[in-house]
Amino acid sequence: MKTVIKTTNLQKIYNNSVAPVKAVNNISLEFQEGEFTAIVGPSGSGKTTFLNLIGGLDKPTGGEIYIDGTEISTMKESELFDFRLRNIGFVFQSYNLIPVLTAKENVSFIMLLQKRSKAEMEQRATEMLEQVGLSDKLNSRPNQLSGGQQQRVAVARALASKPKFVLADEPTANLDTESAFNLLDIMEKLNKEENITLIFSTHDQRVIERAGRVITLVDGSVSKDEVIS
Amino acid sequence: MKILLILAWRNLWRNKKRTLITISSVLFAVLLATLFVSMEKGSYERLIDSMVKYSTGYIQIQDILYDEEPSIDHTLLFDEEIEEILNKYEEQIAYHVPRLQNFVLVATENNTRGSILNGIDPELEIKMNDLNEDVVKGEFLKPNDNGLMLAEGLAGILNVTVGDTLVLLGQGFHGSTAAGTYPIRGIVDLKIPDINNNTIYMSLSEAQWFYGTDNRVTSLIIMPENPARTQQLAESLRKVIDPEWHRVLTWEELLEDLLNLMKFDVAGTMVMMMILYIVIAFGLFGTILTMLIERRKEFALLFSLGMKRAQVAIVCFFEALFISMAGVILGIIISIPVVAWFYHHPIPLSGDMAEAIADYGFEPVLPFSADPTIFINQALIVLIISFLIGLFPVYKVFRINIMEAKK
Ligand SMILES: Nc1ncnc2c1ncn2[C@@H]1O[C@H](COP(=O)(O)OP(=O)(O)O)[C@@H](O)[C@H]1O
Ligand SMILES: [Mg+2]
């Protein structure tokens, strides 16, 4: 098994006016290629902060992050921009899509920035939208799609460029139960078919059992790390 | 690059109304500015045209000292040498108009007054400025006429009319005394009050005899075949005249004081234009600023996905540029026919304003200029302003904190 992400003593302390907040407190974890992991924990437990750190969006105040063996916490901002573009797929809780682009253009967007060939983009974007069940929405703008459909487009985009791993921060938080399950089904299916490492955070008990591994955070620290067969 | 253009273009139409309002504000600014400048320039062109027509002509050849110290002693001998030069440039010169101008005292039985005596070639003068059309009484001078023609204002002051005789007294060439009596042949209305109150015309040959200057003139006016090539012709003439004795001046040099005064006046209206520009600048800036603020989350998304700051900045810059370009281009497209219409149908004036302008011999209208540089300049100014405003989002985009914008 190949280690895709490794953190050692990862720490993020916010110096609030009242008292410093240890949003991420000494987390040392490894994620293997192809893993489908859920990060769970109550609100404020540090899920978003942790994902932002390993996604290269935020800087840790201590510890290291290795992606495929490369330390990213010491990278310059411009290097991180490029690193994210090449290696990481993102799905956020909301505001995932570029409003002026159609579903297909949104899915192609990363590949476009990566300067992939037109044929590849076309083929891959259509294929991914088919995979998430939106073949009939190729040319719809985000505001013509439901919340669940928008999240599915975001998942399609995150996976279309075949990144090293995909980070999804509470992707189902704004969805009704049916859409939430549907999205998780799709994520699970794509994780298997594309063998892409996928980490999502949630505080939603309903969707946790879909994951192959569940890491529980409490006050910025790992309190449980279990593999579910 | 294409995707950046697509993003910018579509972003503009996310809020159609706002974009259209901003474009129209730029459009109206350009339209107002061109109309304004065209009107101002139109008045100046009219004034310059009339000065060139009646007074300076396009080019003058003078004695080297005359411009510094206009005196009958600093006159130019209109000899074969000069004739030869003029012949050489025959194709570029339509005709030339010699003038001998000097101060003179004019006296009647009970009145004396200082005036300007103009020795003119009657036929050439008519060719240049249709002076004969301004005769209000009597007749225009004939070649070699030994009578006078008086400006209407001066005739009024001296209380004389056609048929009366005047005594002229002056200083002739090299300190000689010039004196003579002359009958009045005609009276001309010269419109511009100052000139109308102190001008006397005499045929050139008679004036040369009166001042004892032989074949001398104070200025030799050159009217080019193509007035647009005045500068080039003046340059050519400068190369062949004897620079130790003669000097070639263009109307721009002859009217230097007037042109400077206009420049000063233009500076005044520039202040007004600045206010107009500032108003559009703020309108454009407001739109750009709102577009930035309402898209913070989108920028955070784009940055998270790995789109470079420079790329996002280019999108924002294009947006600003699109708006202003559209405004400028539409502004020019609309102002061209508007200016053209006013150029052919100048706004008629009425009341005191009309009278004042008529007093100067102009038609009482507000003339417009159709000089293409007006459009180009206005377009450039507005474009430069929008370019500068377009730099603001660029600066902002480079300073957005991703984590803060994400919230
Ligand atoms: N920018 C910030 N400044 C200060 N404190 C923050 C900031 N972001 C998060 N925190 C704090 O860090 C802790 C973890 O937050 P977060 O990672 O968002 O938790 P979760 O995503 O699990 O709800 C919380 O106590 C939160 O208040
Ligand atoms: Mg969170």
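Below, read A as the first sequence line, B as the second, and so on, with proteins coming before strands; counting in each chain starts at 1.
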If you count heavy-atom pairs under 4.5 Å with chain B, which of Pro99(A), Gly89(A), Gly55(A) comes out on top? Pro99(A)

Just checking [X]: does its [atom1] atom have more than 12 heavy atoms from other residues, nucleotides or ligands closer to it than 6.0 angstrom?
{"X": "Met325(B)", "atom1": "CE", "value": "no"}
{"X": "Phe322(B)", "atom1": "CZ", "value": "yes"}
{"X": "Phe282(B)", "atom1": "CZ", "value": "no"}

For chain A, which candidate among Leu301(B), Ile402(B), Leu302(B) shows the most heavy-atom pairs at distances under 4.5 Å? Leu301(B)

Toward chain B, the part of Leu57(A) with a non-hydrogen atom under 4.5 Å: both

Is Leu101(A) in contact with chain B via its backbone, its side chain, both, or neither, using a 4.5 Å heavy-atom distance? both

Across chain B and chain A, what donor-acceptor pairs are shorter than 3.5 angstrom?
| residue | atom | partner | partner atom | Å |
| --- | --- | --- | --- | --- |
| Arg10(B) | NH1 | Val100(A) | O | 2.9 |
| Arg10(B) | NH1 | Glu105(A) | OE1 | 2.6 |
| Arg10(B) | NH1 | Glu105(A) | OE2 | 3.4 |
| Arg10(B) | NH2 | Glu105(A) | OE2 | 2.9 |
| Glu298(B) | OE1 | Tyr95(A) | OH | 3.4 |
| Phe303(B) | O | Arg84(A) | NE | 3.4 |
| Phe303(B) | O | Arg84(A) | NH2 | 2.8 |
| Ser304(B) | O | Arg84(A) | NE | 3.0 |
| Arg309(B) | NE | Glu77(A) | OE1 | 3.1 |
| Arg309(B) | NE | Glu77(A) | OE2 | 3.2 |
| Arg309(B) | NH2 | Glu77(A) | OE2 | 2.5 |
| Lys406(B) | NZ | Asn52(A) | OD1 | 3.0 |

Please classify the contact of Met403(B) with chain A as side chain, backbone, both or neither, using a heavy-atom distance under 4.5 Å. side chain

Find out whether Phe109(A) and Leu7(B) are in side-chain contact, i.e. whether some heavy atom of one side chain is under 4.5 Å from a heavy atom of the other. yes

Euclidean distance, Phe92(A) CZ relative to Leu305(B) CG, rounded to 0.5 Å: 6.0 Å

Nearest 0.5 angstrom please: Ile98(A) CD1 to Ile6(B) CD1, how far? 11.5 Å

